[in-house]
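See below for the structure under consideration.
To find a chain, count down the sequence lines: A is the first, B the second, and so on, and within it residues start at 1.
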Protein chains: 2
Amino acid sequence: MLKAKIFVQLKPSVLDPQGKAVSGTLSQLGFDTVQSTRISRYIEIVFAENDVEVLRPKVKEICDTLLANPNTETYHFDIEKVAES
Amino acid sequence: MLKAKIFVQLKPSVLDPQGKAVSGTLSQLGFDTVQSTRISRYIEIVFAENDVEVLRPKVKEICDTLLANPNTETYHFDIEKVAES
């Protein structure tokens, strides 16, 4: 079994209103050293596969076609082995 | 400057409907080796602070009071130095 650990983040040029909201709330709560907040998605997918090099292009296709919005988001991922349970 | 890298995940016992939806869609798209999907939030907060040991309890408080729902979610975080720009 292999696990893909995928980060989908807004491009730096895209405003993150949810992050701005968290930064604003933190300042109101007294956390006055907060400079910036970015909120992203982190997705773990477990596959019944054993070959990382076979899986890598599939994960890329999954990110390109389903998980990330190519207009506003970027992604990166790692693949690791999962201990069989 | 320090950056907190925070993962907020559903507890394993809590159903992740968004993850189920992604798994279902992937299998319809022909990715038939997908076993499970979990979708989490990944939050980066940059602080104008330099002492990791001072910052750590603040980040914990931020997670406990704002970022994570203690009923359904768990979190973990790392703190790393950010190169001054």
key: Proximal component of B:Leu2, with respect to chain A [non-hydrogen, under 4.5 Å]   =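 Contact with chain A involves no heavy atom of B:Leu2 at all.
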Shared hydrophobic cluster, [X] / [Y] (ILVMFWY, side-chain heavy atoms < 4.5 Å):
X: B:Tyr75; Y: A:Ile43; answer: no
X: B:Ile62; Y: B:Val52; answer: yes
X: B:Ile79; Y: A:Ile39; answer: yes
X: A:Val8; Y: B:Val34; answer: yes
X: A:Val59; Y: B:Val22; answer: yes

[X] portion near chain B, given a 4.5 angstrom heavy-atom threshold:
X: A:Leu66; value: side chain
X: A:Leu67; value: side chain
X: A:Ser36; value: both

ask   = Of the listed residues (A:Arg41, A:Lys3, A:Arg38), which shares the most heavy-atom pairs with chain B below a 4.5 Å separation?
value =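 Looking at each of A:Arg41, A:Lys3, A:Arg38 in turn, A:Arg38 comes out on top.
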Hey, what do you get for [atom1] ([X]) to [atom2] ([Y]), rounding to the nearest 0.5 Å?
X: B:Glu49; Y: A:Phe31; atom1: CD; atom2: CZ; value: 10.0 Å
X: A:Glu44; Y: B:Phe7; atom1: CD; atom2: CZ; value: 8.5 Å
X: A:Glu61; Y: B:Leu29; atom1: CD; atom2: CG; value: 8.0 Å
X: A:Leu26; Y: B:Thr65; atom1: CG; atom2: OG1; value: 7.5 Å
X: A:Thr37; Y: B:Ile45; atom1: OG1; atom2: CD1; value: 4.5 Å

key: Any residue of residues 11-20 of chain B which, by heavy atoms, sits under 4.5 Å from chain A   =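 Residues in range: none.
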